[in-house]
Every structure is written in C-alpha cells, then in structure tokens.
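These notes are about the structure you will find just below.
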Amino acid sequence: MPELPEVETTRRGIQNQLTGARISAIVVRNPALRWPVAPDLDAILRGQRILDVGRRAKYLLIECEQGTLIIHLGMSGSLRFVTADTPIEKHDHIDLLLDNGHILRYRDPRRFGAVLWQYGPVLLHPLLTKLGPEPLSDAFDGSVLFDATRKRGSAIKLTIMDNHVVVGVGNIYANEALFHAGIAPTRSARSLTAEECGRLAAEIRTVLTRAIAAGGSTLRDFVDAIGKPGYFQQSYFVYGRSEQACLRCGSVIRQIRQGQRSSFFCPHCQPC
DNA sequence: CTTTGCACCTGTTGGC
DNA sequence: TGCCAACAGGTGCAAA
C-alpha cells in the first residue's frame, strides 16, 4: 500500500512502542521476501535494545545497539501490533517480539517488501548509498530539481519518480503533484523552466505533507487496529479519475501509460 | 551516464 | 458461475 505518507505514518505509529524496548525474538514464518530474510536474524536481534525508529526514503530503519533492521513494505506490506492470541493469517510472514509485551507483525501478500539487517552505520547499506534527497528536507527544492533535470530527455513524471533525483515520490503523488503544478506528465524533464521546477518541487512537498497529516489524523491507530491505509478514504484530483471531470476546469481526465505505470492528467490544466 | 523494460508475487476486477 | 487477462501503492537490476 505504501507511498511515503503511509510509511511515515507507520513509522510514527510504531516509534513509541519500539524505542527503548529490547527485542525478545523475531519469528520468521516465510523468509521469501524480495531478498531472503537472513536465517540467523533471530540470533542477531535477541537481546538488542531499540534506540529509535527512523526512515530514509521508504525504508523504515529500526535502529538497534549493534546495527539497523531495515524494513521496506514494498507494494502490499503493512506493520501492525497484535496480541499473542491474534490469529496468524496467510500473509503474516514475520513477528517481532519485544520485552515490553508488544508484538509487531509484518504482513505482505505480494512479498515485494524486504527485511534486512545491517551492522554499523545504516546509511552505508548498498540500498541507501545512492539515494537522492528527501522530498521534505531542505536538501530538495526547485533549484535542485532544475539542476537534476537539465540533462534528462525523459518524461518529467519518470524523472520525479527516479530515486536518484528525489526519493519517496510514488505513482499517486507524482500524478497529483504534476496536476497541482500544472505540468503535463509527458513533458520532457529538460523542457521545464526554473520556475516550473520551483512549482513542482513545492507541490511535491505540499502533497506529501498533506497526506502525512491526513494519515496522522484519520489513520492514527491503523498500525495496531485496522491496517487499512488511507487510499480508500482519500480522494485525489487526478489519480484514478480517468474519464471523470477535472475538479478544477471540468475537462475530461485522461489516462496514459508511462514506464509501465498509469498516469492521469487534465489536458487543459496540464497543457503539453 | 541516461533510459528502458523486466522481474519479483498475490489479489482484485471486469469482460465474455 | 467460471475463466482469463489486465492491473495494482515499488524499485533494483540488466541491457541497450
């Protein structure tokens, strides 16, 4: 499910219960995630205290005394707190047991997610070293986007979804940010002016920030309760609205295919 | 270095 | 009701 807002909402939802706790055990029922879960993970984690729960891009970082447990939710992953008698369902692959009684359960039907261990500084992990700036940090703004787009002939939507340019912009919010910035997803990246890059960077930030705020209010307890993230309760300006009227101008929203993903845009508000 | 397409896997939806 | 194809929130990787 997760786009960046869901990952960040999950991080906030588990941080307090995890931080300061000691790991009693990790139970891996199915290690066949995107990469195999390390067979000795239980031996590694047992007894370690959790220092904090961080995030880089869509990777959750469970920072422990000797290293970091890296969790990615992939396309269909979720984390929730359960009790010892909660029935284990089909795709509940992993339980993390804490000495404070909490049990964190990892579910992931498609198994595109990952659970990895890294000793020492986590940012040295190969998956994290080449990532671009965080979209909500000072390291990302219009001028950074402008510079990154100069040599790119490919479509701007593909560019903002490229983790080397900026992390955490998934398909939904790439579409939404482009709509609010008034830029067609098919525009070549290098054709954007500095001003357009400024608008787009600002809209990426706004759209993600708003979604996190909404997730925080409407999904405050989804981690330990429902686990049904916000996509179903949220409404978007263009995403998933093909053939419907643009909420701004009434034109018909169009759907196209870019990089094997669906793009949605308003041909009037986002001229080519 | 940029760009493109594939791969991983299961569940849901829509057409016939 | 059944069957099959297409599609779904991600992203690393090989190949061009």
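We name chains A, B, ... by the order of the sequence lines, and we start the count at 1 in each one. Values below: every heavy atom of this structure, side chains too, minus hydrogens, waters and symmetry copies.
Atom CG in L33(A) sits about 18 Å away from atom P in dG10(C), given to the nearest Å. Rounded to whole Å, the distance from CZ on F264(A) to P on dC7(C) is 11 Å. Residue E6(A) contributes atom CD, which lies 17 Å from atom P of dA8(C) at whole-angstrom precision. With rounding to whole Å, N30(A) atom CG is found 12 Å from dT10(B) atom C1'. Going from atom CZ of R257(A) over to atom P of dC6(B) covers 12 Å, rounded to whole Å. As a whole-Å value, the separation of Y236(A) OH from dA8(C) P is 14 Å. In this structure, CZ of R111(A) is placed 18 Å from P of dT11(C), rounded to the nearest angstrom. Across the protein-nucleic acid pair, D108(A) atom CG and dC8(B) atom P stand 16 Å apart, rounded to whole Å.
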Polar-atom pairs under 3.5 Å, protein N or O versus N or O of nucleotides 1-5 of chain B: list them with distances, or write none.
unit_1, atom_1, unit_2, atom_2, d
dT3(B), OP1, G153(A), N, 2.5
dT3(B), OP1, S154(A), N, 3.1
dT3(B), OP2, R152(A), NH1, 3.3
dT3(B), OP2, S154(A), OG, 3.2

Restricting to nitrogen or oxygen on both sides, can you table the protein-nucleotides 12-14 of chain C pairs closer than 3.5 Å?
unit_1, atom_1, unit_2, atom_2, d
dG12(C), OP1, Y59(A), OH, 2.5
dG12(C), O4', R34(A), NH2, 2.7

Show me the protein contacts with nucleotides 11-15 of chain B, counting only N or O atoms at under 3.5 Å.
unit_1, atom_1, unit_2, atom_2, d
dG11(B), OP1, K90(A), NZ, 3.2
dG11(B), OP1, H91(A), NE2, 2.6

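Using the six-membered ring where Trp is involved, H102(A) and F81(A) have ring planes that are tilted, between 30° and 60° apart. Between Y239(A) and F264(A), the angle of the ring planes goes over 60°, which puts this pair in the perpendicular group of the 30/60° scheme.
Close to dA8(C), at under 4.0 Å from its OP1 or OP2, lies a side-chain N or O of S262(A).
Under the stacking criterion of a centre-to-centre distance below 5.5 angstrom and an interplanar angle below 30°, F112(A) is not stacked against the six-membered ring of dT11(C).
Side-chain N or O atoms of R56(A) include none that pairs as donor or acceptor with a backbone N or O of Y59(A) at under 3.5 Å.
Side chains of D52(A) and Q15(A): a donor on one and an acceptor on the other come within 3.5 Å. No donor-acceptor contact under 3.5 angstrom links the side chains of N163(A) and K130(A), judged on distance only. For T206(A) and T209(A), the side-chain atoms include no donor-acceptor pair closer than 3.5 Å. Defined by atom type and a distance below 3.5 Å, a donor-acceptor pair is missing between the side-chain atoms of S242(A) and R254(A). In this model, no donor atom of one side chain and acceptor atom of the other lie less than 3.5 Å apart for T68(A) and E63(A). A donor-acceptor pair shorter than 3.5 Å can be found between the side chains of D108(A) and S76(A).
The separation of dA6(C) from dC6(B), taken at their P atoms, amounts to 14 Å, rounded to a whole angstrom.
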Passes side chain to side chain contact (heavy atoms under 4.5 Å, CB included), D162(A) versus R152(A)? Steps please.
CA-CA 11 Å; D162(A) 182 339; R152(A) 296 210 165 224; 3.1 Å; yes
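For the pair R248(A) and F237(A), the cation-pi criterion (under 6.0 Å, within 45° of the ring axis) is fulfilled.
The base-pairing partner of dC9(B), taking Watson-Crick or G-U wobble contacts with both distances under 3.5 Å, does not exist among the strands shown.
Under the 4.5 Å side-chain criterion, counting only non-hydrogen atoms from C-beta, T159(A) is in contact with S154(A).
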